[in-house]
Each structure stands twice: as structure tokens, then as C-alpha cells.
There are 2 protein chains.
Amino acid sequence: MSTVNSLAATAALIGDPARAAMLLALLDGRAHSASDLAAIAGIAAPTASGHLVRLGAGGLVEMRAQGRHRFYRLAGRDVAAAIEELMSLSGARAAPASATAAWRRDPDLRFCRTCYDHLAGQVGMAVTDSLTRAGHIEPRGAKDWRLTSSGRLFCEKLGVDLEGAAARPGRHFARRCLDWSERRPHIAGALGAAIADTFFARGWTERLRRGRTVRLTDAGRRALARHFDAVA
Amino acid sequence: MSTVNSLAATAALIGDPARAAMLLALLDGRAHSASDLAAIAGIAAPTASGHLVRLGAGGLVEMRAQGRHRFYRLAGRDVAAAIEELMSLSGARAAPASATAAWRRDPDLRFCRTCYDHLAGQVGMAVTDSLTRAGHIEPRGAKDWRLTSSGRLFCEKLGVDLEGAAARPGRHFARRCLDWSERRPHIAGALGAAIADTFFARGWTERLRRGRTVRLTDAGRRALARHFDAVA
DNA sequence: TTGACACTTCGGCGTAGGCCGAAGTGTTGG
DNA sequence: CCAACACTTCGGCCTACGCCGAAGTGTCAA
């Protein structure tokens, strides 16, 4: 392909409103799921899927499959740089759209939410980080955590139902789950669910009426400080 | 217009092969007539005219009427920078396997060319590398070079018009500009332009009649060896 | 004034590509 | 095992836009 054509092809990839909306969302540097990006762009899932395939073929985004989700993120810093350069041209000086703006769009959701049945967002990450720091869990293999003996003690003291979690047949015990807003793995699987159950049971978190957003109560804030050595 | 739409609109302007060909031709920083650009893009005059109107409306090119001719040129350095940035994306990214094949595509252009008003390609990189090696310039911040005191001496000995360059109001003095074929920053800004002027004034480089390919003369080859400790 | 020329506007043709619903694939949980 | 779910592929509709020929506008030179 000639220089001209490859330039035009790359620019054309950015030149569609739906794809541009996706790329702008990805400018925050995090990985987003395909359905997320579809919602952001305001298009149906099949359309989004097609766009994402083309963006991948053009080398603008990378995909990582995790369970039944597929997470997409920008392929590199240079992609972000090129997009920002284009934005500065387009006069839409308005928003450096990056991290801070995207963050502000939905602060609560990013702060604390459930991912299926376990905690995600900053609170989920704080818990995971704390467990890792204290040596209560360790990465094992590509997709799992290992609960150490100290971790077992810690969970029991906290009131987490380890027996119940271990007894669930066919369910992974402690899974690494990529957190789309934090871009690092948090704790999922039966253990992640049991920990989340404990948070709800002890009144540390409350589900809001709609959606996946979760509110951290004052007691939860104190519990994070006391048990997890984390502030939120 | 929203951020998304203006980004998409600008990118779409570059994303058409005919317009991309015109923009690439205009990267030499010179003004080209409409019929010239039509020939370069390989399209009929009416089609080219339509494209040029749209490029003008998008703020990518400026028009100057002169007699019955109309000359078009890039609207600014930022336009050139954005296009170069996009090229660095599209070049090596889509086809990592065929890097050398891509090199063979336009060997002369990759060897030496102008990027708006400064030298680019291997020769531009050789100059930049030499200045860096000798401690004449250093990176400063994210996008600039700093000319050291030894660099100031070196430029004066070479006959580069430093006062003139420093006096250009509102123009960055020494800018880092991503070289799309070398994929590293070379020297741009007023200093880059002044150095390029010196190369042309001393007969080290010659502009070819069309396009931005630049020929390195035999004197230029010797000058590179003598002053820049570089072979080409 | 007339003709040559550079360029633009207009009108109509043809296709690339964006869009969605329906159906298919792979993973998770019960 | 099956149901739910996230995602993709497929097929067909439809608009946007690139393209050109013809005709219109402005400039130059005799």
C-alpha cells in the first residue's frame, strides 16, 4: 500500500463519528468492553463490533479477551498522541478529553460498583491491593489468585464465608478480573463474591436502586481504613 | 459542534485518498496551484476543486488567488505536524512485517525531504543526532530542544541565522517534530528552519522541482562528514 | 472585444460503507 | 445438561460522498 493510501486509511478510521467517539473514550488509557464502547458511541452492538475489528486491523486498538467480555484499549501512546494532535487542529480546543474529563463523567460508577457479583471500581481495587500488599492473595497462573494461609485467617476474621465459596461447584474460586476503569485485575470468582456479600451484610456498602453503582457507607469507609489500610 | 464530531470531521478530511495525496504534496510547505494538485491526486479539475473547498472550510489549507491561478498551501505548522504524526502511525503499524518494503516505497523521500520548512528523513535525523551527540542540543520538556552554549557557537560558525530565528515572534524556537519515516524526533521550529535555510544557501541541498523530496549534493555529503560527523 | 485559460458550480451517476435485526459462537453459572 | 450473556458474523437496506462532463465566472493578452 502506498504512503498516500495508508495515511488516508488511518485517517479514515478516525474519521467516522462512531469510531471517533470510541477512540475519544479510550483516550483515558483504560480498557473498555465492547458493549461499553457501543453505548458510548450510541450504536448497536453489531455495528460497534465491526468498527472495533477495523480499528484493530488498522493497529489503533488492541483487544484482550477475558471470559465472555472483550476489552479494548488504545494500541499505544503514539495513537493517543496522534488523536490529540488532530483534536488540537479541529478547533475543538474544548476538552483535553483525557483522563480527568472521562473520569468526571461518571464519578460514582468509577468509584464503586459491582461487576456481576463482586466489587469493582476504586473500592474493589483498594480491597484487592490491600490483600496483595498484606500477602493474603498472590497471582497464580494467568487468570487466578491463590489465597494464602494468612489470607484464609484474614477472611475468617472478617466473616467471609470461605466454606460456602469453596463449595460452589464448577465455579472458579479466586479469579483475576480486569477492572475496566482501573485497568488492573481485581478479585472475582467465588471468593470475590463472598467478600462482596460480607461488605453488604455488614452494611459497608449499599446497592443503589438502579444500575451497578454501589454506595460506600460511613461504616464502610471506616472498615476500609481499619481492615484494609486504605482510605476512600 | 461536539468534540467527537469535529474530530471525526477533521480526520475524515484527511481520510480520503485524493485529499491525502494533496495534503502530502503540500507538506513541502510551498503553495501549489489547484490544477497542480489535481494532477498529483490523479483526479479531474472539478473534483479537485471540491476537495480544496472542503479542506479550506476545515481549516487545513489556505488559498491565495493570483491572477487566474489559485494557490493552496497548508494552513499552518500544526496541520503539517498532525499529518506527520498520523503517518508515523500508519507507516510501521499496520504492517510490521513489511517495514523494509515500506522503506523501498519512496527511498528518496525517506532519505531527505523537507517537513514544512525544516529537514526531515535520514538527513534531518543525521543532523539532529549529530547535534545531540555533540551536546549542542538537549531535549527540554515534552516538545522542545534547548540549544546549549556550544550549540550556539556551532550554529554561528555554520552561518545559521540565529538572531533571525530568535526574532520570529510567536514561533517556537527549537521544536521536536516526530519524523514519520525514522519514527524519532528531529529538529524543527525556527531553528530547524534556519538550519535548513543554511543547507540550501550553501548548496548542500537542492529542492527538486516538484514535491518535497530534497537532493543532497556532493558538497552536502562532504559537509555532513566534516561538520556533522555523519555519512550519508 | 474576443479567445484562451484557470477555476468553480451544477447535476446526475455509482459505489463504499454505516447501520441494524437475526442468527451463530464461546463463556459462565446453576 | 441448559439458560443467560457478551460478542461476532451475515445479509440487506440506505445514505453520503467521490467522481466526472457540461456550463458558468473571472482573468489575461492581443
Side-chain angles (χ1 to χ4, degrees), chain A residues 4-5 8-9 11-22 31-39 41-58 61 63-72 114-118 142-144 164-165 167-178 180 188-194 196 212, chain B residues 4-5 8-9 11-22 31-39 41-58 61 63-72:
Chain A
V4 169
N5 285 332
L13 280 179
I14 311 176
D16 171 78
R19 286 193 295 261
M22 292 178 172
H32 295 251
S33 70
S35 46
D36 246 350
L37 293 169
I43 53 181
T47 311
S49 181
H51 283 314
L52 288 167
V53 167
R54 296 186 58 177
L55 287 173
V61 304
M63 188 267 284
R64 178 174 156 198
Q66 179 168 330
R68 45 189 169 184
H69 296 268
R70 294 201 174 182
F71 290 93
Y72 291 85
T114 51
C115 175
Y116 292 104
D117 54 7
H118 55 272
K143 296 183 165 186
D144 287 283
R168 298 187 50 183
R171 170 133 200 220
H172 293 287
F173 178 66
R175 203 72 166 159
R176 294 216 295 278
C177 173
L178 186 65
W180 64 266
L191 179 58
R212 312 183 279 156
Chain B
V4 169
N5 285 332
L13 280 178
I14 310 176
D16 171 78
R19 286 193 295 262
M22 293 178 171
H32 294 252
S33 69
S35 46
D36 204 2
L37 292 169
I43 53 181
T47 310
S49 179
H51 283 315
L52 288 166
V53 167
R54 297 186 56 177
L55 287 173
V61 303
M63 188 264 286
R64 180 170 43 99
Q66 183 170 322
R68 44 188 170 185
H69 295 268
R70 293 201 176 180
F71 289 95
Y72 290 86

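The sequence lines fix the lettering, A, B, ..., with proteins before strands; numbering per chain opens at 1. The basis for the numbers below is simple: all heavy atoms, side chains too, and nothing from hydrogens, waters or symmetry mates.
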key: Contact summary for V61(B) and L52(B), nearest pair of heavy atoms   = CG2-O, 4.1 Å
request  = Would you mind telling me which residue lines up with the more 5' stretch of DNA chain C, V53(B) or G42(A), judged by nearest nucleotide?
outcome  = V53(B)
request  = Using atom CZ of R19(B) as one end and atom C1' of dA16(D) as the other, report the distance to the nearest whole Å.
outcome  = 12 Å
remark   = Closest to the side chain of S33(B), out of dC7(C), dG18(C), dC20(C), is dC7(C)
From dC20(C), dG17(C), dA6(C), nucleotide with atom closest to H69(B) side chain = dA6(C)
message = Counting only side-chain heavy atoms from C-beta out, which of dT8(C), dG18(C), dC19(D) sits nearest to D16(B)?
response = dC19(D)
remark   = dist F71(A):CZ -> R64(A):CZ (nearest 0.5 Å) comes out at 8.5 Å
request  = Name the closest nucleotide to the R68(A) side chain, picking from dG26(C), dT8(D), dC19(D).
outcome  = dG26(C)
note = Rounding to 0.5 Å, atoms NE2 (H69(B)) and CG (D36(B)) come to a distance of 10.5 Å
query = Below 4.0 angstrom from OP1 or OP2 of dT8(D), is there any side-chain N or O of S49(A)?
reply = yes
task = Please lay out, stage by stage, how H32(B) and Y72(B) fare under the test side-chain contact (heavy atoms from CB on, under 4.5 Å).
result = CA-CA 5 Å; H32(B) 294 252; Y72(B) 290 86; 5.8 Å; no
key: Proximal nucleotide (of dC19(D), dT8(D), dT8(C)) relative to the P46(B) side chain   = dT8(C)
ask   = How close or far is atom C1' of dT8(C) from atom CG of L37(B), stated in whole angstroms?
value = 15 Å
message = So which atom in A45(B) and which in A38(B) form the shortest heavy-atom distance, rounded to 0.1 Å?
response = CA-CB, 4.4 Å
Whole-Å gap separating C1' (dT8(C)) and CE (M63(B)) = 10 Å
ask   = If an axis is fit to five pairs at each end of the helix from dT1(C)-dA30(D) to dG30(C)-dC1(D), what is the angle between the two, to the nearest 10°?
value = 30°
ask   = Taking for each residue the nucleotide of DNA chain C bearing the nearest heavy atom, is the 5' side occupied by G67(A) or by A18(A)?
value = A18(A)
message = From CD1 of I43(A) over to P of dG21(C), roughly how many Å is that when rounded to an integer?
response = 12 Å
request  = Just call it for Y72(B): base, sugar-phosphate, or nothing, with non-hydrogen atoms closer than 4.0 Å on any strand.
outcome  = sugar-phosphate
query = Quick one: H51(A) NE2 to dT9(D) C1', roughly how many Å, whole number?
reply = 15 Å
inquiry  = Just to be sure I understand the rule, does S35(B) reach a base, reach only the sugar-phosphate, or reach nothing, if contact means heavy atoms closer than 4.0 Å?
reply    = sugar-phosphate
Spacing of H32(B) atom NE2 relative to dA6(C) atom P, expressed in whole Å = 17 Å
Nucleotide of dT28(C), dC17(D), dC20(C) approaching R54(B) most closely (side-chain heavy atoms) = dC17(D)
inquiry  = Between R70(B) and dG26(D), is there a contact of a side-chain N or O with OP1 or OP2 at under 4.0 Å?
reply    = no
query = Whole Å only: how far is the CD atom of Q66(B) from the C1' atom of dC7(C)?
reply = 15 Å
query = Which pair of heavy atoms, one from A194(A) and one from A165(A), lies closest together, and at what distance?
reply = CB-CB, 4.2 Å
request  = Compare all side-chain heavy atoms of M22(B) with those of I43(B) and state whether any distance is below 4.5 angstrom.
outcome  = yes
ask   = Has the side chain of R19(B) got a donor or acceptor atom that lies under 3.5 Å from a matching backbone atom of L13(B)?
value = yes
Distance, rounded to the nearest Å, where L52(A) contributes CG and dT9(D) contributes P = 11 Å
